[in-house]
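Here is the structure we will look at.
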Amino acid sequence: MRNAPTILHLDMDAFYASVEQASKPSLRGKAVIVGGLGPRGVVATASYEARVFGVHSAMPMAQARRLAPNAAYLVPRFGIYRDTSEQVMALLRELSPLVEPLSLDEAFVDLEAGETAWDEASARLVGTKLRADIRAATGLAGSVGLAASKMLAKIGSEQAKPDGLVVIEPGTERAMLGPMSVRTLPGVGPATGDHLRRAGIHTVEEIAEAGEDELVRLLGKAHGHALYAMALAHDERPVVAERETKSVSVEDTYDVDIHDRVRVGFEVQRLADRCVRRLRGAGLSGRTIVLKVRRYDFSTLTRSETLRGPTDDPAVVREAAARLLDSVDTTGGVRLLGVGVSGLADYTQEDLFAQAAGVRMEEAAEDGEEEAAVARRAEGAAERRWHAGHDVRHAEFGHGWVQGSGLGRVTVRFETPRSEPGRVRTFRVDDPGLEAAEPLPLVEGRPGKGGGSGGPGAGGGAGAGAADGGLGAGSRL
């Protein structure tokens, strides 16, 4: 390990919720919960004001509503989250060529590789300036941990929350880790934690005292060795700038189980097309097509098919996904569908048979989209859907965001990131003066690309626990 705290871990505070508060003056200082608002939605992020009530990420949204009935509940706006994340990551890359993003709001930085820090004092100055730069660029707060290893830097950023900085000086690690819960260590989840607890091991210090042989006996060779090393504060993992993408996938969770087999097929085709768009956007292709189906009873089935060569042809992916669906019994209803591509490569090998069938598949897809739209309307889906939190613009009142909708009405609060809290007005959902809009930049002078704010029709009938599958290391169905 190093002899200076030159590995930095940044974790943005309640990122999604903080972006929403920065965008919406009326929500600053208020409880804000972002996630899926349908019956099966889950919490993606809760602001610190909401956490006071016991709300946390991955909690069912219905439970969150019971705990914090007066909070603001918003559908995610992934476009503005990605744009904001890009601004933050650009600041990190100014510090070092070795930046390892873990998600939109979290990353490791090797300050030694960037020659921006070499001891405790210089590392602290870098961390302090970074937090100030992030606030100036985005208006948001981030917490920073600095240590001689990735594990300790991440633990430091957790201790620093919210909006703080913690430096763990080399030589103090064992004393700091000792009294902490075993769950503090990476890889110790609920199951491993319970296993250790039953063996009388509750703290990191007790892991070290148990010894490596005992941990191997309890947890197996690989896990036992790794856990013992971490308990001794040993972590030699380097900061890796590029992380290999394992797969690309998308999935939707539906508010109401889909029973119509034809509708299920249409949804799979739609997901296949979305998956290919992600694949092409990343400049990738893949050989293995994966279908995921979660049925009415929560049982989850996955089916896969490996092609002769990698492809990014939507017709090929749709055709393979349809074949996989033929092998799945959807009797009783389907609550989630997903399509993914793995075995990735940066080139394609055209499937001649698929090319011959391509025109037929494209025509069928067009017909399918039309019939799927008819099916959704037949189920009572409104032609114009306004999602809580998403951006709109009115011809008379300007920029605003949707507070809620229902019974043919939509309520909009008209304000911007740099205005005072705005007024609320209600319109018919088909008001010709109201239209979807791109998010405005959080900080004046910053360009706002915005995409992904959604608007009428966004979501295609899926509940908002139905975010697209991620594109990153280890992402999977």
Side-chain angles (χ1 to χ4, degrees), residues 243-254 258 260-295 300-330 334 336-376 451-452 459-462 466-477:
R243 306 185 70 191
E244 181 185 1
T245 301
K246 305 294 185 183
S247 67
V248 176
S249 63
V250 297
E251 62 181 42
D252 275 351
T253 301
Y254 302 95
I258 302 175
D260 182 358
R261 180 76 179 192
V262 174
R263 168 79 187 283
V264 172
F266 291 152
E267 293 295 328
V268 168
Q269 300 292 289
R270 183 176 61 83
L271 289 165
D273 286 341
R274 281 170 52 195
C275 184
V276 169
R277 286 196 294 271
R278 279 180 170 267
L279 198 67
R280 287 182 167 180
L284 297 170
S285 59
R287 296 183 66 230
T288 301
I289 314 303
V290 184
L291 175 72
K292 177 180 177 181
V293 179
R294 181 166 297 148
R295 299 188 294 189
T300 302
L301 304 176
T302 58
R303 299 287 186 269
S304 64
E305 175 181 319
T306 299
L307 308 174
R308 292 176 298 173
T311 185
D312 65 352
D313 187 330
V316 175
V317 177
R318 285 197 300 265
E319 194 171 38
R323 286 194 298 269
L324 294 170
L325 180 61
D326 288 340
S327 67
V328 177
D329 180 10
T330 60
V334 169
L336 177 148
L337 291 168
V339 174
V341 178
S342 60
L344 301 182
D346 58 2
Y347 65 94
T348 62
Q349 177 176 315
E350 299 298 342
D351 186 323
L352 299 180
F353 294 103
Q355 282 185 356
V359 174
R360 294 194 303 273
M361 293 296 291
E362 291 290 348
E363 291 173 350
E366 291 175 5
D367 292 342
E369 286 294 339
E370 183 178 350
E371 291 186 43
V374 172
R376 284 194 288 271
D468 283 355
L471 171 60
S475 66
R476 62 188 188 276
L477 279 171

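Going from atom SG of Cys275 over to atom CZ of Arg318 covers 12.5 Å, rounded to the nearest 0.5 Å. Of the inter-residue distances, the one linking Leu324 atom CG with Ile289 atom CD1 reads 8.0 Å to the nearest 0.5 angstrom. Note that the CG atom of Asp329 and the CG atom of Leu301 stand 8.5 Å from one another [nearest 0.5 Å].
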_Checking Val276 against Val248 for the side-chain contact (heavy atoms from CB on, under 4.5 Å) test, could you report, in this order, the C-alpha distance in whole Å, the side-chain angles of both residues, the deciding distance, and whether it holds?_
CA-CA 9 Å; Val276 169; Val248 176; over 6 Å; no

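With sequence neighbours excluded, the residues satisfying side chain to side chain donor-acceptor pair (under 3.5 Å) with Arg295 are Ser299. With sequence neighbours left out, Arg280 forms a side chain to side chain donor-acceptor pair (under 3.5 Å) with no residue at all. Remark: Arg277 pairs with no residue by the salt bridge (charged side-chain N to carboxylate O under 4.0 Å, His left out) rule, at least two apart or across chains. Applying the side chain to side chain donor-acceptor pair (under 3.5 Å) test to Ser342 and every residue at least two apart in sequence or in another chain returns nothing. Every residue two or more places apart in sequence or in another chain was checked for a side chain to side chain donor-acceptor pair (under 3.5 Å) with Arg287, and none qualifies.
Contact of the Leu307 side chain with the Val316 side chain is registered, since non-hydrogen atoms from C-beta on lie closer than 4.5 Å. At least one side-chain heavy atom of Val268 sits under 4.5 Å from a side-chain heavy atom of Leu291. Lys292 places a side-chain heavy atom less than 4.5 Å from the side chain of Leu336. Val334 is not listed as a side-chain neighbour of Glu267, based on a closest heavy-atom distance of 4.5 Å or more.
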